[in-house]
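As the structure lists them, so they are numbered: ligands from 1, and atoms in each ligand from 1.
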Amino acid sequence: MVESHNLESKFIVLLGAPGAGKGTQAEGLSATFSIPHVASGDIFREALEEGTEVGLLAKSYIEKGDLVPDKVTIAMVQKRVAASDCERGAILDGFPRTIEQAEALENALAEDGKSVCVVLYIKVSTETLMARLGGRWICRNCGAVYHSLFDPPKEAGKCDKCGGELYQRSDDTPGVQRKRIDVYLAQTAPLIEHYRSKGLLMDVEGDKSVEEVQHDMQKAIEAYC
Ligand code: AP5
């Protein structure tokens, strides 16, 4: 049973392996509940584009499929979550990824009398993960996400929404994909039991269509946040 924690803010954690559909689902949930989509991976990639110190440090970890050290990641996300647009909550995608990150998030929110209201764990088979990551294409301009088989753009290599160029992430190569899944199993999967023991975890069947998964997640949030 998931407890209802805070009526005035919704901090929702999306937990799942690389390619489970966290980013895809976060976009829809962010629009429905009018709270920001905060994706630690996107923040690192933006920092990298801008050539900041954090971006350059993160690059070496991201390219190998390793996690960026907790100290750097926690400071970065704490700053983002403290911004005024997160006053009413946020959809957290890709954070926390370790027990240390989860505890830091809990402490930072508690300082403001807030807490995570639900953790949606998107369960997807490893076979599906590999297929999803291998076919993912992203718009360089607006960030829209496509899949060559499951959600192809009308014109190959071009974004339907803004006409921008589509690219594949440098960490979506088969070797790095496998490594990211192994790192997830070793360092992030323990969060499943961590949150289950706190009564915060909701399992979501992720091997369904984008729309069906979105529907299940919305229902869970409406019920428990
Ligand atoms: P990050 O960017 O967070 O990547 P990830 O967790 O590996 O997750 P992905 O973005 O690859 O997958 P997703 O679950 O969002 O799937 P998506 O919706 O795109 O992290 C990258 C790196 O940054 C890490 O390796 C690490 O180095 C660093 N990092 C980030 N956060 C960190 C942290 N907290 N601590 C330390 N280091 C950190 O979907 C994938 C594809 O499938 C798409 O093409 C989509 O169209 C398709 N798809 C999605 N859902 C469906 C569906 N239901 N049916 C059919 N197709 C679907």
What's the shortest distance from [atom] to any protein heavy atom, and which residue and atom give it?
atom	result
atom 19 (O) of ligand 1	Arg136 NH1, 2.6 Å
atom 49 (C) of ligand 1	Thr24 OG1, 3.5 Å
atom 26 (C) of ligand 1	Asp66 O, 3.5 Å
atom 7 (O) of ligand 1	Arg180 NH2, 2.8 Å
atom 53 (N) of ligand 1	Lys208 O, 2.8 Å
atom 35 (N) of ligand 1	Gln101 NE2, 2.9 Å
atom 32 (C) of ligand 1	Arg97 CD, 3.5 Å
atom 22 (C) of ligand 1	Ile62 CG1, 4.0 Å

Of the choices [options], which has the non-hydrogen atom that lies closest to [atom]?
atom	options	answer
atom 46 (O) of ligand 1	Glu63, His147, Gln177	His147
atom 51 (C) of ligand 1	Lys64, Arg132, Met76	Arg132
atom 44 (O) of ligand 1	Phe44, Tyr184, Trp137, Tyr146	Tyr146
atom 10 (O) of ligand 1	Arg169, Lys22, Gln25	Arg169

Run the salt-bridge test on [X] and [Y] with the 4.0 Å N-O cut-off and return the result as yes or no.
X	Y	value
Lys114	Glu87	yes
Asp171	Lys179	no
Asp207	Lys123	no
Asp172	Arg132	no
Glu63	Lys59	yes
Arg196	Glu193	yes
Lys198	Glu106	yes

Would you kindly specify which portion of Pro96 sits under 4.0 Å from ligand 1, judged on non-hydrogen atoms: side chain, backbone, both or neither?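 For Pro96, there is no contact with ligand 1 at all, from either part.
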Side chain, backbone, both or neither: which part of Ser209 comes within less than 4.0 Å of ligand 1 when only heavy atoms are counted?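 It is the backbone that touches ligand 1; the side chain stays farther off.
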Could you check whether any heavy atom of [X] sits closer than 4.0 Å to an atom of ligand 1, since that is the contact criterion I want to use?
X	value
Gly135	no
Ala58	no
Val210	yes

Do other residues, nucleotides or ligands put more than 12 heavy atoms under 6.0 Å from the NZ atom of Lys219?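 Open.
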In this structure, are over 12 heavy atoms from other groups packed under 6.0 Å from Glu222 atom CD?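 More than 12 heavy atoms, drawn from other residues, nucleotides or ligands, come within 6.0 Å of this atom.
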I need the atoms of ligand 1 closer than 4.0 Å to a non-hydrogen atom of Gly23, numbered in the order shown.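 Result: 13 (P), 15 (O), 18 (O).
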Should the SG of Cys139 and the SG of Cys162 be checked, would they turn out to be under 2.5 Å apart?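 Judged by the SG atoms alone, which are 2.5 Å or more apart, Cys162 and Cys139 are not bridged.
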For the pair Ser30 and Glu27, evaluate side chain to side chain donor-acceptor pair (under 3.5 Å) and give the outcome as yes or no after the intermediate values. CA-CA 5 Å; Ser30 167; Glu27 282 298 305; 6.0 Å; no
